Protein chains: 2
Amino acid sequence: MARTPFLTPSTIADAALRLGDREGGEAMTMRRIAGELGCDPMALYRHFPDRMALLDAVADLALTAVPSPDPALPWDERLRRVADDIRAAALAHPGIAGHVAARPPLAEQGQRIGAGVFAALGDAGLAPAEATRAAQALVATIAAGLAMAVRAGTRDARWHQVSDVLGGLPSAPPGGELHTVGSEEQFSYTVRLLVAGIRAEAAGSA
Amino acid sequence: MARTPFLTPSTIADAALRLGDREGGEAMTMRRIAGELGCDPMALYRHFPDRMALLDAVADLALTAVPSPDPALPWDERLRRVADDIRAAALAHPGIAGHVAARPPLAEQGQRIGAGVFAALGDAGLAPAEATRAAQALVATIAAGLAMAVRAGTRDARWHQVSDVLGGLPSAPPGGELHTVGSEEQFSYTVRLLVAGIRAEAAGSA
DNA sequence: ACCTGAACACCGTTCAAGT
DNA sequence: ACCTGAACACCGTTCAAGT
């Protein structure tokens, strides 16, 4: 009676995302996802080769909320916005955010967003080969910032020590000025640094 | 007879690192680390509160090979070198490299290296509060590049698709020019972009 | 003080059937 | 074609003893 009539990759990913939202990332086991759907754990293996592939699909699903970069905006604004949007979309689903950070999705949504990033870098004046490298750098940076946010937001107290460690060094600033590790401000700052580097690169090769 | 007389955090971390080097990261379970030492798995809990804390110690141990940045060098050269050195030290121990990337060590070695980074950023002309933010950005970038290298180097075929995906976009470069995801070149390029951004930031606030 | 051993409450995944 | 159920080979960790 607790069984759903259909089982598709999409209904499975939906159920897993829902479960992760409700009970956290560690709850997303094959057994408990199956429980959410009212089916046997093994039924999932008909639609995904293994657990990682299932989580990849959930991660991609979470990125549907990210708008495609608007070509009417300046390229640097587009890059900064897409970074913020990816961060926000991932953190809206804390259960899968860690997976998004650890394995940037390359499925449907990932490719859509990647194309927007690539176009923005082209408009920045980078040649295709440079744009590819810069896109990888940007993906890595977004992933890293997101990973920090995920851990800072959950129970990794170690991350609060980063500020303490740096703050304890000679000539450190008064504590109040520190940006929290994983904060939106710190994320935006890092992306801004990278975008400034891209601008310098584009100017250098122009 | 297969038992070691002493069990200390240091001998445990050594054994775990050795095991990881020999049999890979997944082999570093409490049970198998204990097997390497010839002791009961529960004996490890007398020296570490849980598995994560043990792996943190192993990760920090792997960073002993990273030289402290040489203050005689220009600040940007110092930053680029320490990034390369961290990457090399982590990849020299593939079993723990993923953990270094996922949880940048904050213990003894991490603090030593962090102090060197902070000093270099001060020499770049950044005020302490800015240097703290930039140091966090650099740590995030190194961690992200390292994470890419770890996955590209092991069995995550998905990562080779990144180039394919970007390469399949309109106006993509000829395939041969692409830097492999996770390569040393791509890592250095990303760090270089960030350092260029830091330089721009320092110039702007000078 | 330090280590052990059995047990608890789980995992992902394979395999042989079921309908 | 699609799903099930039992089983395999593991996990991290708690708890009550041992020496």
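Reminder, nothing fancy here: chain letters follow the sequence lines and each chain counts from 1. The shown structure was predicted, so the numbers you read here are calculated from the model rather than taken from an experiment.
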Rounded to whole Å, how long is the line connecting atom [atom1] of [X] with atom [atom2] of [N]?
X: B:Leu54; N: D:dT13; atom1: CG; atom2: C1'; value: 14 Å
X: A:Arg32; N: C:dA9; atom1: CZ; atom2: P; value: 15 Å
X: B:Asp50; N: D:dT14; atom1: CG; atom2: C1'; value: 14 Å
X: A:Phe48; N: D:dC3; atom1: CZ; atom2: P; value: 13 Å
X: B:Leu44; N: D:dC11; atom1: CG; atom2: P; value: 13 Å
X: A:Ile12; N: D:dC2; atom1: CD1; atom2: P; value: 12 Å
X: A:Leu37; N: D:dT4; atom1: CG; atom2: P; value: 10 Å
X: A:Leu7; N: D:dT4; atom1: CG; atom2: C1'; value: 12 Å

Review point. Paired with C:dG12 by Watson-Crick or G-U wobble geometry, both distances under 3.5 Å: which nucleotide is it?
Key: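 Across all strands, the one nucleotide that pairs with C:dG12 is D:dC8.
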Practice item. Go ahead and name the base partner of D:dC2; Watson-Crick or wobble counts if both distances stay under 3.5 Å, otherwise write none. Key: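 Its partner is C:dG18.
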**Study point:** Nearest-nucleotide comparison on DNA chain D, the residue closer to the 5′ end among A:Pro41 and A:Arg31
**Key:**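 Looking at the nearest nucleotide for each, A:Pro41 comes out on the 5' side.
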Check your understanding: Is there a side-chain contact between A:Tyr45 and A:Met30 (heavy atoms, below 4.5 Å)?
Key ->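 Answer yes - side chains close enough.
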**Study point:** P atoms of D:dA9 and C:dC10, separation to the nearest Å
**Key:**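 So the two P atoms sit 22 Å from each other.
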For the side chain of [X], starting at C-beta, report the closest nucleotide among [options].
X: B:Met30; options: D:dG12, C:dT13, D:dG5; result: D:dG12
X: B:Ala43; options: C:dT4, C:dT13, D:dG5; result: C:dT4
X: A:Thr29; options: D:dC3, D:dT4, C:dC11; result: C:dC11
X: A:Met42; options: C:dG12, C:dC15, D:dT13; result: C:dC15

Point to revise | Whether A:Arg31 side chain and A:Pro41 backbone form a donor-acceptor pair below 3.5 Å | key: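 Checked: no pair found.
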Exercise for review: Keeping the roles fixed (side chain from A:Gln186, backbone from A:Ser183), state whether a donor-acceptor pair exists under 3.5 Å.
Suggested key: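 Here the side-chain-to-backbone pair does not exist.
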Review point. After noting the C-alpha distance and the side-chain angles of B:Arg133 and B:Gln136, does the key distance pass the side chain to side chain donor-acceptor pair (under 3.5 Å) rule?
Key: CA-CA 5 Å; B:Arg133 292 195 292 169; B:Gln136 286 186 37; over 6 Å; no
Point to revise | Trace of the side chain to side chain contact (heavy atoms under 4.5 Å, CB included) decision for A:Leu17 with A:His93 | key: CA-CA 7 Å; A:Leu17 186 63; A:His93 299 284; 3.7 Å; yes
Check your understanding: Starting at the 5' end of DNA chain C, which residue's closest nucleotide do you reach first, B:Arg46 or A:Met28?
Key ->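 This one resolves to B:Arg46.
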Check your understanding: Can you tell me if the side-chain N/O atoms of B:Tyr45 get under 4.0 Å from OP1 or OP2 in D:dT13?
Key ->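 True: B:Tyr45 side-chain N/O within range (under 4.0 Å) of D:dT13 OP1/OP2.
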